[in-house]
Structure formats: C-alpha cells, structure tokens
Amino acid sequence: MNHLQLEAERLDATDSLSAYRDQFQLPEGTVYLDGNSLGALPKRVLERINQTLNIQWGEDLISSWNKHAWIDLPARVGQRIARLIGAQGHEVLACDSTSVNLFKVILAALECNPKRNVIVSDIDNFPTDLYIAQGIQRLLGDRLELRFVKRDQLESALRDDVAVLMLTEIDYRTGERLDMPGWTARAKAVGALTIWDLAHSVGAFAVMLNACGADFAVGCGYKYLNGGPGAPAFLFVAERHLARVTPSLAGWMGHAQPFAFTPEYAPASGIMRLAAGTPAILSLSALDAALEIFDGIDMADIRQKSLSLSQLFIEAMQPLEAHGFELLTPLEPTKRGSQVSYAYQHGYALMQALRARNVVGDFRAPNIVRFGFTPLYLSHQDVLRAVSALEDIVNNGVWRDPKFAERQLVT
Ligand SMILES: *Cc1c(COP(=O)(O)O)cnc(C)c1O
C-alpha cells in the first residue's frame, strides 16, 4: 500500500478540483463514499435556503412568485441541468420525483410512437422504473405489453413492434455503464424511442443526450447533483417531440394559461407542459444553489478525477479479493460510472462496521457493498483511508460483532 500512498499524494497535489471540497459541509474525519445515493451539503445551499425562507417567504410572501420569479424556477433549474446532460435549455424541466417523471415520459413516449405497443426494459433495471411501467400497463391493459428481459436478451427483444426502449445508463448495483449511443441507435433502427434514466449519470460525467439522439430522459436531483434529500428530479423531452406530447398527468401548472382558470386543459408550449402541480420552491432553491457549483466546471475534469479515484480504489482493494470480495464493476474505464461495487457475503454487517469508523458507503441486497466517488469533495487519500479501514475490519473480523447485524429500514 505504500507505493499507493505516494501515488495518492501525488494525484492530490495536482488535483484541479481539490478546492471544491471547501464548498461542502462535511463532518470532520468522515470519508463519504455515498454521494451516489445522497450528495453532501453544499454550503451555499444553507445561505440560499435561509434567504428563501427569511426574505422570500418570510417577508415578500406570495409576491415572491413574481418578485423572485419562483414561477420560472422549474425551467431555470432545468436549464442548469441541461448543460450537464447534453440537452438544450428548453428541453429540460426540474420537477417532481424521478418516479413521477418516469410515469410522465413513458406515457409521452407511447403517445409519440402510437402504432407500437411494447416497452422493452432490462429486468435488472432499478425497480421503480419497472414498477411505474407495470402501473401504466394496468391502466392500458391489452394496449401495452411489457417485455422485461435479461441484459443479454435486450437486443433480441428489440423488434419492430417496440414503441419504447427504457434503460438506466448506470447500473445501480454494479456501476456498469451501458452504451448509450449504441442502444439509442439500435432502438432507432427498429423504430423505437428511448427513455434513459440518468439517476447515477447526471453530475458524474458529461451525458450526451442529443448527440446520441435520445428521445426522453429522467434523473435525480439528490445524488451527484447534491440537491438535498428528496430534491426535485428532472425530465428531458427532445425538442422534436415536445409539440406532440399531451401530458396525461395534466395539471394546471402545465396549462397554457394557468391563471385563466378555464375548465378545459390546453398544454403550455414547450417543456412547461410536463409540469403538473405547484413546484416545491424550498427544495428547488436548494437544488438551484447546489447546481451553481457545476456552472464553472468542465464535466471532463469531473470524469477524469472520478475514474482516477475509482481506479485507485480498485487497485487498493485488490488484496481483499482473496478474502471474499468479488469486484462487480467493469475494470474498463469507459464501462464504469462513478461507483464501485463488490459482492461480499457479510456485506450488510461489513458496511455497518465501516460506518462506525466514519467511512460511509451503502449496501444493496442481497450482498452488494457500494462505494460512490464524488470528485468535488473526495481526495485520493480519502480513498486509501477507506480501504485501510476496510482491511482492518476484515482482517480482525470486526464486522462479526452482533450489533452490526441489526437490520435497519434503509440500507
Ligand atoms: C435513485 C434512483 C431512482 C429514484 O427514484 P425516486 O423517484 O427519486 O425515488 C430512480 N431510478 C434510478 C435508476 C435510481 O438509481
């Protein structure tokens, strides 16, 4: 490990993103490797929330919808996100949760491909994606078929009856990155539209939606974007589809004239038609402030450091592979997101023991330990600190303490 320590020091000394660490409030001594589940708190969010509470809500009250342009916040936050995902500003809206946005874009995609009636997805996709599609299937009955298959069967499932191919770019269990350009092109070749879930992509590297020809996308605000617990999510609709979408979740905020209060729904022009109800201004303000951090950053720098951190982690973890750790994440950098996962038989207890040492990752059933690498607030030396805590816990059987076996609701 000694040569790795020198390597880590060298990499940290030349790290162009190291100054960003100070923009986050993190507990002293904690190595936080769970920014892929809940990003850390940016200090500027504290200021922004205070201002939104005390001045905008506390003093200006309802006039803030106009005075502080609350009404435009979903679209403005959408514009900030657009740059990170290779979209145009008017193709992205920040709103609702990823799950709710999936409901909206699945119905929109089906509407844009009206002669087809099949949705293809990966049976190992994140469960909410599958559940939302199942809910829509219950609504539509025979008019919709769900074809959920193993990843190696996706290609043969993609036939000329498919309306929509719905995939998540980064596998939440293994951290594997799917080939977005390839799958989008394959879908297009059979006349299917694509929906990409960017939950573990946005903020981790430059997503290239328009360059790939993607049709729809959704993603989370609380993971790599650091928008806070339950932060608003976002949705993307490619410009060429926008005018064709008549939202099924047709709320007044997506109406052409919400304040005309007419009884008939008429969609707003553009992406605003995918808004449903009144936006969560406190959470959106937090997300907006968190996104300001990305404004001055080249996503290529984030990607470069992310790969450097995960590479070092995998190298340092190698001795543990003889102790029952099985690497689930592809070694090939282009096939990785910004997380590394191992299967380990005692994964749950191990993660509890690790957290007791202020090294925070998470656990996914049945036996996966996950580590997220967030270039804005992690150093290479943090990575090695995490691995040495892990080694100690494994070598000394620390995880065997019964207190680490107690299951909590959230893992
Ligand atoms: C985290 C995650 C979600 C979360 O959806 P919510 O509606 O925010 O709970 C959805 N999809 C994927 C792939 C995720 O990783």
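Counting starts at 1 for both ligands and their atoms, following the listed order.
Between F325 and Y344, the ring-plane angle classifies as parallel under the 30° and 60° cut-offs. Relative orientation of the Y377 and F24 rings is tilted, given thresholds of 30° and 60° on the angle between their planes.
Cation-pi check for K305 over Y20 is not met; the charged atom does not lie both under 6.0 angstrom from the ring centroid and within 45 degrees of its normal. Cation-pi geometry between R177 and F205 is satisfied (NZ or CZ under 6.0 Å from the ring centre, within 45° of the ring normal).
Interface atoms of ligand 1 facing D197, defined by a heavy-atom separation under 4.0 Å, are 10 (C), 11 (N), 12 (C), 13 (C). Every atom of ligand 1 is numbered from 1 in the order shown, and the set under 4.0 Å from a heavy atom of S97 is 7 (O). Atoms of ligand 1 lying under 4.0 Å from at least one heavy atom of H200, given by number and element, are 15 (O). Below 4.0 Å from some heavy atom of Y222 lie the following atoms of ligand 1, by number and element: 1 (C), 4 (C), 5 (O), 6 (P), 8 (O), 9 (O). Atoms of ligand 1 lying under 4.0 Å from any heavy atom of S99, numbered from 1 in the order shown and given with element: 5 (O), 6 (P), 7 (O).
Within the 4.0 Å heavy-atom criterion, the part of T168 lying near ligand 1 is the side chain and not the backbone. At a heavy-atom cutoff of 4.0 Å, ligand 1 is contacted by the side chain of D129 but not by its backbone.
The residues D401 and K403 are annotated as salt-bridged, a charged nitrogen and a carboxylate oxygen being separated by less than 4.0 angstrom.
Of the N or O atoms in T128, none lie within a sub-3.5 Å distance of an N or O in ligand 1. At under 3.5 Å, not a single nitrogen or oxygen of Y172, backbone or side chain, sits near a nitrogen or oxygen of ligand 1.
The environment of Q345 atom CD is sparse: at most 12 non-hydrogen atoms of other residues, nucleotides or ligands sit within 6.0 angstrom. No more than 12 heavy atoms of other residues, nucleotides or ligands shown are found within 6.0 angstrom of CH2 on W57.
The nearest heavy-atom contact from the protein to atom 2 (C) of ligand 1 is K223 NZ, 2.4 Å. Looking from atom 5 (O) of ligand 1 to the surrounding protein, the closest heavy atom is T98 CB, 3.5 Å.
Under the 6.0 Å cut-off for aromatic ring centres, W399 and Y348 do not qualify, their centroids lying 6.0 Å or more apart.
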